[in-house]
Novice: 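Dropping the structure in here first, questions after.
Below, chains carry the letters A, B, ... as their sequence lines are ordered, and counting in each starts from 1.
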Amino acid sequence: MPWANEELGRQFAEIADLLKLSGADRFRVRAYERARDAVNAARVDLGELDSDELSALEGIGGSTARKIVEFRLMGEIPMLTELRREVPSGLIALVQVPGLGPKTARQLHDQLAIDSLDALRTALDAGRVRDLPGLGVKTEENLRAGLARLDATATRRTPLADVIGVAEELLIRTRALPDVSEAALAGSVRRVRDTIGDLDLLVATQAPADVLRRIASDQLVRDVVALGDTKLTVLTLRDLQVDVRAVDPAAWGAALIYFTGSKAHNVRVRELALRRGATLSEYGLFARDGDALLAGGDEAGVYAHLGLTMIPPTLREDRGEVAAAAAGTLPDVVTTLRGDLHGHSDWSGDGRASIEEMAAAAAAAGLEYWAVTDHAEALAINGLTAEQFAQRRAVLAGLAEHVDVTLLDGAELNIGVDGELDYDDEVLARFDFCVASVHSALGRDAASQTARIITAMQHPSVHAIGHLTGRKLGLRPGFEVHFDEILEAALRTGTALEVNASPRRLDLSDDHVRRAVDAGVTLTISSDAHQPSELDNLRFGIATAQRGWARAADVLNCRDLDGLRDFVERKRAGTRSS
DNA sequence: GCCGTTTTCGGCCCGACTGTTTTCAGTCG
């Protein structure tokens, strides 16, 4: 059974959810949530560890280790099967409603026999909910609003690509408000996750109530969900939820940690604070005896007081970063690039700018080299013939003196269904750099996709594999591959794997990056820009690589031109690259 | 259910907002 972790994570999550609904002790629920997180974060196949090895993992004890073994032997966890039988299935639908939690769901079910969203609607319309103890007319209103939001699918995660624009616009507007001394995006946008649940905006001000009122009346805001003295929740025109928190400038650092999350990271850090005789909240790090403020103005200061090196936001996922920061072994993650190894000019059918314009943008972005990887001919509408590439080669040579970036003669090859490439070996050998990508037959199974990609990797002119799984966030999932086999082939053949920086792709994902880094596979971080403005996307690629703990040494386009050419030569010669 | 630089038992992150309550429970992040 390959890579059991994902399914195990789902099953532990379901156990936690069902336990919540059955009224279990909340610490027991949390134990299963931790087991879920531990399983998801694990970078070895848990299906291959024995019981002792399992319970040595943080968050996995004797009981959860036994369940992992049960899962391996029986394909299911008996406790989960039992819970599914015991907990009314309708309850799961009910707690999807924003503002409706397990306690209330249980009460609705037990006292009004509500076992579905439809039954909830009927009960609300009949005015029956308001008569339950602890509930009232206002609760009915809120539940109706929650049902409406559920219908609007506002509770789903949204691709970063779809929110980054409005997020940055809101930030600019907030910074321009009177009495705002500082403002920042926090939450998963700051951690640069590939999808976003809601937007978190932190504001430092001495006049919180005024600032929050002004934000609540912004034109981008459609609805105010909650407005307090320091906290505001609104829905934007596109049903995106925005949580705003106003804090005193003296607590900026502590508040930024709190609001950036992740939640699991915060819990971990706060537990550490407790063990060190302190307590951490958004208001600062305080000594438990005497309430003295130990730190709070800036993030690094808070971490330092806890014996931790500064943890970059992209690493705050409780995937071992707190322990690493305590040990001083946090990786020095990649922050800048020397070049871009995947981009298009208007020689490609879908390119939107000339080579000169793209080169100027690359130079302005501080890049030393830019590989012009226009599409190859198997991508019928967009691709160039070998003759066109020859013409382009002459153009590139003529431009070399006139642009402030080294142009590399590149191509984005298409990986055929059997791993074949667009041109013969002689044509392919003329390129400085080739990225090869799958653009067709996305529906094949994992074995087939893995095989065609590995075949392409074995070609001496294929230097990197572009957007490995073909996913387009919010539009289509990627196809499955056997990633361990891909990693093994990348190492064996000296081929790099691309982190495609388009926020629509971010492919490799952060999890894939982490496993690639563990395996010692070389990465590229590439914009796949089709117009000058898209070079700015490199920041998302860098962040995704950071989320996978990649250092500059792991990234091909952090090397200088000599280093890059050395990698290409080794591939050509069939010697494994370092 | 997990875990130990005080602990193998007794804790378990911390706080805001809302609604239905006269002091708090539920939900959320």
Novice: Could you let me know what B:dT8 is paired to, Watson-Crick or G-U wobble, both distances under 3.5 Å, or none if it's on its own?
Specialist: none
Novice: Give a yes or no on whether a salt bridge exists between A:R10 and A:E7, defined as a side-chain N under 4.0 angstrom from a carboxylate O.
Specialist: yes
Novice: With heavy atoms under 4.0 Å as the rule, sort A:V137 into base, sugar-phosphate or nothing.
Specialist: sugar-phosphate
Novice: Under 4.0 Å from a heavy atom of chain A: give me the 5'-most and 3'-most nucleotides of DNA chain B that qualify.
Specialist: B:dG1 to B:dG29
Novice: Scan for salt bridge (charged side-chain N to carboxylate O under 4.0 Å, His left out) pairs involving residues 258-267 of chain A, sequence neighbours excluded, and state none if there are none.
Specialist: none
Novice: Look up atom CD in A:E70 and atom OG1 in A:T81, then write down how far apart they are to the nearest 0.5 Å.
Specialist: 9.5 Å
Novice: Say you pick atom P in B:dG26 and the same atom in B:dT21; how far apart are they, in whole Å?
Specialist: 13 Å
Novice: Salt bridge between A:E321 and A:R514, side-chain N to carboxylate O under 4.0 Å?
Specialist: no
Novice: For nucleotides B:dT20 and B:dA25, find the distance between their C1' atoms and express it as a whole number of Å.
Specialist: 9 Å
Novice: Could you tell me how far B:dC14 sits from B:dT8 if I compare only their C1' atoms? Round to whole Å.
Specialist: 27 Å
Novice: What integer number of Å spans the P atoms of B:dT18 and B:dC13?
Specialist: 26 Å
Novice: Quick one: does A:L285's side chain get under 4.5 Å of A:L293's, heavy atoms only?
Specialist: no
Novice: Rounding to the closest angstrom, what is the interatomic distance between B:dG1 and B:dT7 at atom P?
Specialist: 25 Å
Novice: Taking atom C1' in both B:dT23 and B:dC17, what distance in whole Å separates the two?
Specialist: 16 Å
Novice: Which residue lies toward the 5' end of DNA chain B, A:K67 or A:R245, if each is placed at its nearest nucleotide?
Specialist: A:K67
Novice: Counting C-beta onward and ignoring hydrogens, is there a side-chain heavy-atom pair between A:P88 and A:D115 closer than 4.5 Å?
Specialist: no
Novice: Here's a test of your reading of the structure: between A:A65 and A:G99, which maps to the more 5' nucleotide of DNA chain B?
Specialist: A:A65
Novice: In whole angstrom, give me the gap between the P atoms of B:dC12 and B:dT5.
Specialist: 16 Å
